[in-house]
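Right, one structure below, let's go through it.
On a predicted model such as this, the values are computed, not experimentally measured, just so you know. Just so it is clear: chains get the letters A, B, ... in the order the sequence lines come, proteins before strands, and each one is counted from 1.
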Amino acid sequence: MRWTLLLLTLLSLTLLCAFAAADPRSHYMIHCMGCHLNDGRGLPPEVPAFDNKLAILAASDKGREYLVTVPGASQSLIDDAALAGVLNWILATYTEEPVYQPFLESEISRYRYTPLANPARLRDELLGAAD
Amino acid sequence: MKSIFTITLLCLLAMNARSELPLETYGQLTLDTLPQHTLLINTFSHNAVLFNADTQQMLGTISTGIGANAFEVDRKKGIVHTAETYLSRHTRGQRTDVISTYDIRTLSPIGEITIAPKHPSGSPMRHYTGIVKDTEAELMLVANITPAMSVSVVDLQSRTFLSEIPTAGCGLVYPSEKLSFLQLCGDGRAQLVTLNRKGEELSRVRSEIFFDLETDPLMEKPARSEAGWVFNTFHGKVFQVTTEAGKIKISLVFNVGEDDEGWRIGGMQPVAFHVPSQLLLLLMHQGGENTHKDPGTEVWYINLATGATTHRLSLAVPANSIQVSQDESALLYAGSIAEDQVQIYDLKTTVSRGTISDIGLPTILQNL
């Protein structure tokens, strides 16, 4: 009986850990929240706030490339699938309308490894073009 | 009777002596000639102190702003520059970041240049600033972390703030050839940025990936060799990073190795380089994984060309930072925060040459 209980506790702990590791919200807390803060408000202009502008960016190829190549995303210590997961979680959490096309791992891999020199300027260009 | 006479005589003598005491006034001493081994010790106390390392005598103090880090030394002009942050109400209020220039002779500020208020402060670091120059221009670079990374560029001749170069994903400043500088990036690469004399970016390139952030991160505290910069990883790999024709070259110099008994490179300023003998000095401790900030108990002498360990010096007191003077009769310095002292050794004979004490917690050590 005691062994069964121990086994069950271990099993549930393992499951809990596995779930936490794969959970995009946990990834957000570990890899994004330091700068973008707990509610996504960031520290504009250097750290943009997560708001409905994300939806505008996620609606164009150039904007999607931007979202993947900003150093906070591209250089985070998570693999492409996990980065896709946390980006989709950010879009779902901080935009007003649902984003029609989620990021896939393949899209992350395509953009991620080309460094972006000047994110602030590109962001202004992309959002200016969308207005 | 005789004793009364003696006391009266003594009183008269004392009165006479008092009337001859010279009037004491305050003034400023000047450092007209610097000793051969002048050590500039940055401290945790918003200042830096100068010592004659041969006599262990204190020469003076430079008071800096909060968050001052290291100094850019110009021996020819007799000046030093440092990036500082000031708040109008000391701990709060309007923030102003400046590059202050101090006269080495008087240790007083002789000018300042206002820069973007983005200069990082924290535990003292040598590589938040750097100077790049060619035959005509001399630019001082200040790394910014807001946490977005950028570099402020200041023209030291016209004393003007020229530009801010965004360096997303790459940080700090390691001056390279002419008007170019290296940086470290979060993807395991180094970056080389080249400027023109107006402080505008001409080009930027990244190296191959040469370190892994998760399994064996690179420390951001290298020493400048003649050819480039010597960096180390947490596990004890030592790389020399050089540039050639606008490209970054990485070569492995030394590896503590697998059979290492837990020896690691660590501290606040763990690497030094002695140019005349091409000797690389590493501050070592036994501690294994995740001890990269632990003080070192030994200084290992490494031949830069062969990677061979030629000597292991046991420090009397564990040290956080090391530095070496750049002359033939060189002194090796080892600063200890816990003991508030700097040990001095003869680099060649490894004999102790004394100790500087009661500094105010020594951090980064620099030659002046």
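- Side-chain atoms of B:S88 come within 3.5 Å of backbone atoms of B:Q94 as a donor-acceptor pair (strictly under, hydrogens ignored).
- The most heavy-atom pairs under 4.5 Å with chain B, out of A:G72, A:A117, A:C35, A:G34, come from A:A117.
- Between B:E208 and B:R189 there is no salt bridge, since no side-chain nitrogen of the basic residue lies less than 4.0 Å from a carboxylate oxygen of the acidic one.
- Of the listed residues (A:S76, A:P119, A:P115), the one with the most heavy-atom contacts under 4.5 Å to chain B is A:P115.
- Taking the centre and axis of the six-membered ring of A:F103, the NZ or CZ atom of A:R64 falls inside the cone set by 45° and 6.0 Å.
- Only the backbone of A:L116 has a heavy atom closer than 4.5 Å to any heavy atom of chain B.
- Annotation for B:R206 and B:I248: closest pair C-CD1, 4.1 Å, computed over non-hydrogen atoms.
- Interface remark: of the candidates A:V47, A:L77, A:L43, A:L77 forms the most heavy-atom pairs closer than 4.5 Å to chain B.
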